[in-house]
Amino acid sequence: MASRTPIFKASTTVDDWVRSDLYHNSHLIPQDTILEEALRNSEENGLPDIAVSAAQGKFLNLLVQSIQAQRILEIGTLGGYSTIWFARAIPDSGHITTLELSDKHAQVARQNFEKAGMANKITLIVGPAAQTLAALKPEKPYDLVFIDADKPSNLIYYTEAKRLVKKGGVIIVDNVVRNGWVANPDVSDNNIEGVRRLLKAIKDDHDVEASTISTVGEKGYDGFLYAIRK
């Protein structure tokens with residue numbers, strides 16, 4: 001496919017992206033002490049600063065409301081920041097199952113869920129996600145699966161997500177652009193190769209329709225894969 005000329009040709013920097021995020025957020029996302037406390041608690045407990053941004057969290061929240069999702073599966077809890085965004089979007093009858101490898105991360109996430117008043121909507125399962133997923137046999141399929149865990153296991157998680165999500169349901173895989181390095185054949189590491197294996201598998205997978213959306217902002221240059229189960 002021929003390349004297209006960018007509409008905006010001026011070079012930009014991370015500072016530009018951060019400033020843009022903060023500007024738009026100041027108009028569209030009200031200050032939220034509960035979410036800010038969740039991030040602060042995670043930082044104070046030494047968790048890595050790799051949660052979704054506020055804008056991305058709000059997008060996930062709006063998406064869940066748009067498709068009227070009630071049952072969500074999240075792979076990769078970290079401190080529960082994105083989980084809280086999800087929990088706020090589902091009705092009281094809805095539920096989230098979130099999977100986390102680290103006992104420490106899970107402990108912090110549970111604290112954050114309690115402080116956010118969302119613990120009753122969330123089941124957190126600790127352990128290797130591949131094993132947990134293989135054992136999951138929900139009575140009803142999930143409406144949405146969000147994959148944001150170790151990238152080398154992306155294909156394993158995606159394969160299980162297809163089994164667990166309903167027809168017409170959504171699968172989102174985060175961090176699939178990685179500063180554009182996934183598309184650069186001269187760059188490789190375990191995370192990049194995990195994304196490439198996933199893309200190669202989906203290319204010939206007739207069970208889904210999918211696209212990658214690149215993003216820039218306070219979290220840098222990255223993107224997510226959005227798929228619908230046929």
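Note that these values count all heavy atoms, side chains included, but never hydrogens, waters or copies made by symmetry. We count residues from 1, following the sequence as given. Just so it is clear, the model here is predicted, and its values are computed rather than measured.
Summarising the geometry, atom CG belonging to Asp148 is positioned 9.0 Å from atom CG belonging to Leu60; distances are rounded to the nearest 0.5 Å. For the atom pair CG (Leu144) and CD1 (Ile96), the distance works out to 10.0 Å, reported to the nearest 0.5 Å. Note that OG1 of Thr98 is 9.0 Å distant from CZ of Phe86, once rounded to the nearest 0.5 Å. Atom NZ of Lys167 and atom CD1 of Ile228 lie 14.5 Å apart (nearest 0.5 Å). The CG atom of Asn25 sits 12.0 Å away from atom CD of Gln31, with the distance rounded to the nearest 0.5 Å. With rounding to the nearest 0.5 Å, the separation of CG in Leu78 from OG in Ser102 is 9.0 Å.
With hydrophobic clusters built from ILVMFWY side chains whose heavy atoms lie under 4.5 angstrom apart, Ile172 does not share a cluster with Leu133. Val108 and Leu39 fall into different hydrophobic clusters, where Ile, Leu, Val, Met, Phe, Trp and Tyr residues are linked whenever their side-chain heavy atoms come under 4.5 Å apart, directly or through other members. One hydrophobic cluster, built from ILVMFWY side chains closer than 4.5 Å, holds both Val165 and Val173. Grouping the Ile, Leu, Val, Met, Phe, Trp and Tyr side chains by contacts below 4.5 angstrom, directly or via other members, places Ile202 apart from Ile213. With hydrophobic clusters built from ILVMFWY side chains whose heavy atoms lie under 4.5 angstrom apart, Phe146 does not share a cluster with Leu62.
Ser53 and Glu218 are not linked by any side-chain donor-acceptor pair at a separation below 3.5 angstrom, with hydrogens and angles left out of the test. For the residue pair Asn41/Glu37, the side-chain donor-acceptor check at 3.5 Å is not satisfied. Judged by distance alone, the side chains of His95 and Thr123 do bring a donor and an acceptor atom under 3.5 Å apart.
Of the listed residues (Ile75, Leu225, Asp205), just one forms a side chain to side chain contact (heavy atoms under 4.5 Å, CB included) with Tyr158, and that residue is Asp205. Checked options Thr212, Val208, Leu63, Val176; the residue passing with Tyr226 is Leu63 (criterion: side chain to side chain contact (heavy atoms under 4.5 Å, CB included)).
Side-chain atoms of Thr97 and Glu74, non-hydrogen and from C-beta on, never get closer than 4.5 Å to each other. Annotation: side chain of Asp189 is in contact with side chain of Ile192 (closest heavy-atom distance under 4.5 Å). Proximity of Val52 to Asp174: side-chain heavy atoms (C-beta onward) are separated by under 4.5 Å at one or more points. Contact of the Val170 side chain with the Tyr142 side chain is not registered, since no non-hydrogen atoms from C-beta on lie closer than 4.5 Å. With contacts defined as side-chain heavy-atom distances shorter than 4.5 Å, the pair Ser42/Tyr81 does not qualify. The shortest distance between side-chain heavy atoms of Ile84 and Leu35 falls below 4.5 Å. Between Leu164 and Pro141, the closest side-chain pair of non-hydrogen atoms is not below 4.5 Å. Under the 4.5 Å side-chain criterion, counting only non-hydrogen atoms from C-beta, Arg110 is in contact with Val126.
Between Phe224 and Phe59, a ring centre-to-centre spacing shorter than 6.0 Å is recorded.
Other residues, nucleotides and ligands contribute at most 12 non-hydrogen atoms within 6.0 Å of the CG atom of Asn190. Counting heavy atoms of neighbouring residues, nucleotides and ligands inside a 6.0 Å radius, atom NZ of Lys200 does not exceed 12 of them.
Of all heavy-atom pairs between Asn112 and Gly79, the closest is ND2-O, 2.7 Å. Scanning both residues, Arg229 and Lys166, for their nearest heavy atoms gives CB-O, 3.6 Å. For the pair Gly76 and Glu100, the tightest heavy-atom approach, listed with the atom from each and the gap, is C-OE1, 4.1 Å. Considering every non-hydrogen atom in both Gly80 and Ala109, the closest pair reads N-CB, 4.0 Å. Summarising the geometry of Ala149 relative to Tyr157, their closest heavy-atom pair is CB-CE1, 3.7 Å, with the distance given to 0.1 Å. Contact between Leu155 and Thr159 at its shortest, heavy atoms only, is O-OG1, 2.8 Å.
Between the side chain of Lys151 and the main chain of Glu193, no donor-acceptor pair closer than 3.5 Å is present. For the pair Asn179 (side chain) and Trp181 (backbone), a donor-acceptor distance under 3.5 Å is absent. Judged by distance alone, with hydrogens and angles left aside, the side-chain atoms of Asp222 form a donor-acceptor pair with the main-chain N or O of Val177 at under 3.5 Å. Remark: side-chain polar atoms of Asp32 are paired, donor with acceptor, to backbone N or O of Ile34 under 3.5 angstrom. Looking at Arg196, its side chain does come within 3.5 Å of a backbone N or O of Val182 through a donor-acceptor pair. In this structure a side-chain-to-backbone donor-acceptor pair under 3.5 Å is missing from Gln65 to Ala89. Between the side chain of Asp16 and the backbone N or O of Thr12 there is no donor-acceptor pair closer than 3.5 Å. Of the possible donor and acceptor atoms, one in the side chain of Arg197 sits under 3.5 Å from a partner among the backbone N and O of Pro152. A donor-acceptor contact shorter than 3.5 Å links the side chain of Lys121 to the backbone of Ala87. Lys219 places no side-chain N or O within 3.5 Å of a backbone atom of Gln56 that could act as its donor or acceptor partner.
Aromatic ring orientation, His27 versus Tyr23: tilted (interplanar angle from 30° to 60°).
Salt bridge annotation for Asp143-Lys140: absent, with no cationic side-chain nitrogen under 4.0 angstrom from a carboxylate oxygen. By the 4.0 Å N-to-carboxylate-O rule, Glu160 lies close enough to Arg163 to be salt-bridged with it.
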